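Reviewing the structure listed below.
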Amino acid sequence: MQKSAAHIETVCVHAGHAPDAATAAISPPIHLSTTFERGPDGSYPKGFSYTRAANPNRMQLESCLAALEGGSEALAFSSGVAAAMTVFQALKPGDHVICSQDAYHGIQRLLRDVLRPWQLQVSFVDTVDTGAVHKALTPATKLIWVETPSNPLLRITDMGAIAEVAQRAQVLTVCDNTFATPVLQRPFDHGMDLIMHSATKYLGGHSDVAGGAIVTRTSNAFSERLRLLQSEAGAVPSPFDCWLILRGAATLHLRIRAQADNAARIARFLVAHKAVDQVFYPGLESHPGHALASRQMCGFGAMLSFTLRGGQDAAMRSVAKVKLFTRATSLGGVESLIEHRASMEGPDTRTPTNLVRVSVGVEHADDLIADLGQALAAA
Ligand code: PLP
């Protein structure tokens, strides 16, 4: 069977996972060697010279990620923000970037505090409003950065509409697909040019490895530039990090669907709870992006957030009372996490102070609901 014709479940298990050619080991060996022997004629007989330029474990991970997203090539990095940084560094000082105004706060901080001083022009725009994106275009605009569903309000941007605007203006588009994963959302099918991941989240899936990735729809001058920056700027993941993310990817489809099922049940429980003001989960019919998410995604993911009627104090009190959920930032692991988001994001946050963000894990939904129920009694 052609790999490209395989279903996503099969791709998760098999892409980048061939038995080791030297030993027939099913689990890939971890290649710690930083350097590789040259032939007498000065050639590199296996194609590897130095680990920063290329490493067998990184190549396996990259071929898996490219297959998962249906892209031409993937580039792995030491973290999600390192992947994002590489995309921005591939632009030139003076270029203009439009970024979702509710993209992950770390990406916004990177643009504001690191790349603006480097003379990148940046506009934070409500990308849910395609007209606002159109209006924000300038002759210098080179890239539109979209995060959908967004963090932490789970707002849904219409990727097809943004891609149309971008194509007319000859501007590149990037989708941060961290929340949805390639199992639930296919940004290339909606015209996006690049996909970014924090592999620290669902791809790794066990809260034990940091990583990032860029997947390109086509190989071109821009992807060549990304490849150059990957090896010359050097924000590459270790061989063991690559091995862990590749292992995580094999069960991605099972985890994200189980987690999304749990999240849907928790969202419905929260909607009916008297201490809760609003629930932000695109699977709810009341969510303003529900219809679009139903068209654009094939599942609504496992991230949700909610606000408390009792304000910030009630949010803090409830989070303090959880027993099964773990109070921690990040997301995408098998364990459920909960956090008071605004205090984590810091003083420049736009997040409502009474908002609680939840990353739903693979535990039994009844146990998670019981824990939230007893914690919300404190609200
Ligand atoms: N994108 C999203 C949606 C995230 O949630 C995060 C981290 O939380 C990142 C990017 C950055 O990834 P990393 O922490 O791996 O650098």
Side-chain angles (χ1 to χ4, degrees), residues 61 65 69 74-89 97 99-115 124 127 143-157 159 174-182 184-185 187 192 194-215 230 233 235-238 241-242 244-245 248-249 256 259 263 280 282 297 300-305 326 328-333 335 337-346 349-351 355 357-360:
L61 174 61
L65 296 174
E69 289 290 10
L75 300 97
F77 294 90
S78 54
S79 68
V81 289
M85 180 69 179
T86 304
V87 173
F88 299 131
Q89 277 185 322
V97 171
C99 177
S100 288
Q101 70 182 17
D102 52 354
Y104 167 60
H105 79 112
I107 301 285
Q108 297 199 43
R109 210 173 280 165
L110 175 69
L111 283 166
R112 201 178 296 127
D113 298 346
V114 180
L115 288 149
F124 295 102
T127 53
L143 191 123
I144 303 174
W145 185 280
V146 163
E147 185 177 310
T148 182
S150 71
N151 186 357
L153 292 174
L154 288 304
R155 299 178 77 230
I156 307 294
T157 288
M159 286 186 280
V174 186
C175 174
D176 182 337
N177 206 23
T178 300
F179 271 29
T181 84
L184 302 184
Q185 181 165 273
M192 296 281 115
L194 301 164
I195 295 172
M196 178 265 169
H197 278 282
S198 167
T200 318
K201 318 301 184 197
Y202 293 102
L203 290 170
H206 296 78
S207 306
D208 55 9
V209 58
I214 302 293
V215 188
Q230 181 196 36
V236 290
S238 77
D241 291 348
C242 295
L244 282 169
I245 298 166
I256 187 65
Q259 288 170 266
F280 305 99
M297 304 175 75
F300 301 106
M303 292 300 297
L304 60 88
S305 59
T326 302
T329 195
S330 200
L331 60 121
E335 64 289 304
L337 304 180
I338 192 164
E339 67 174 333
H340 177 253
R341 188 67 192 162
S343 54
M344 195 274 152
E345 290 181 346
T349 184
R350 297 163 51 99
T351 297
L355 182 136
R357 191 187 82 167
V358 174
S359 167
V360 180

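Counting starts at 1 for both ligands and their atoms, in listed order. Remember, predicted model here, so these are calculated numbers, not experimental data.
When all heavy atoms are compared, the tightest approach of P187 to E69 is CD-OE1, 3.9 Å. The two residues P182 and N177 make their nearest non-hydrogen contact at N-ND2, 3.8 Å. Between W145 and A84, the shortest heavy-atom distance links the atoms CH2-CB, 3.6 Å.
Residues V87 and V174 meet the side-chain proximity criterion, which asks for heavy atoms closer than 4.5 Å.
Donor-acceptor pairing under 3.5 Å is recorded for the side chains of S100 and T127. Defined by atom type and a distance below 3.5 Å, a donor-acceptor pair is missing between the side-chain atoms of T326 and E335.
Contacts of ligand 1 (protein heavy-atom distance under 4.0 Å) are S79, G80, V81, Y104, E147, N151, D176, T178, F179, M196, S198, T200, K201, G211, L331.
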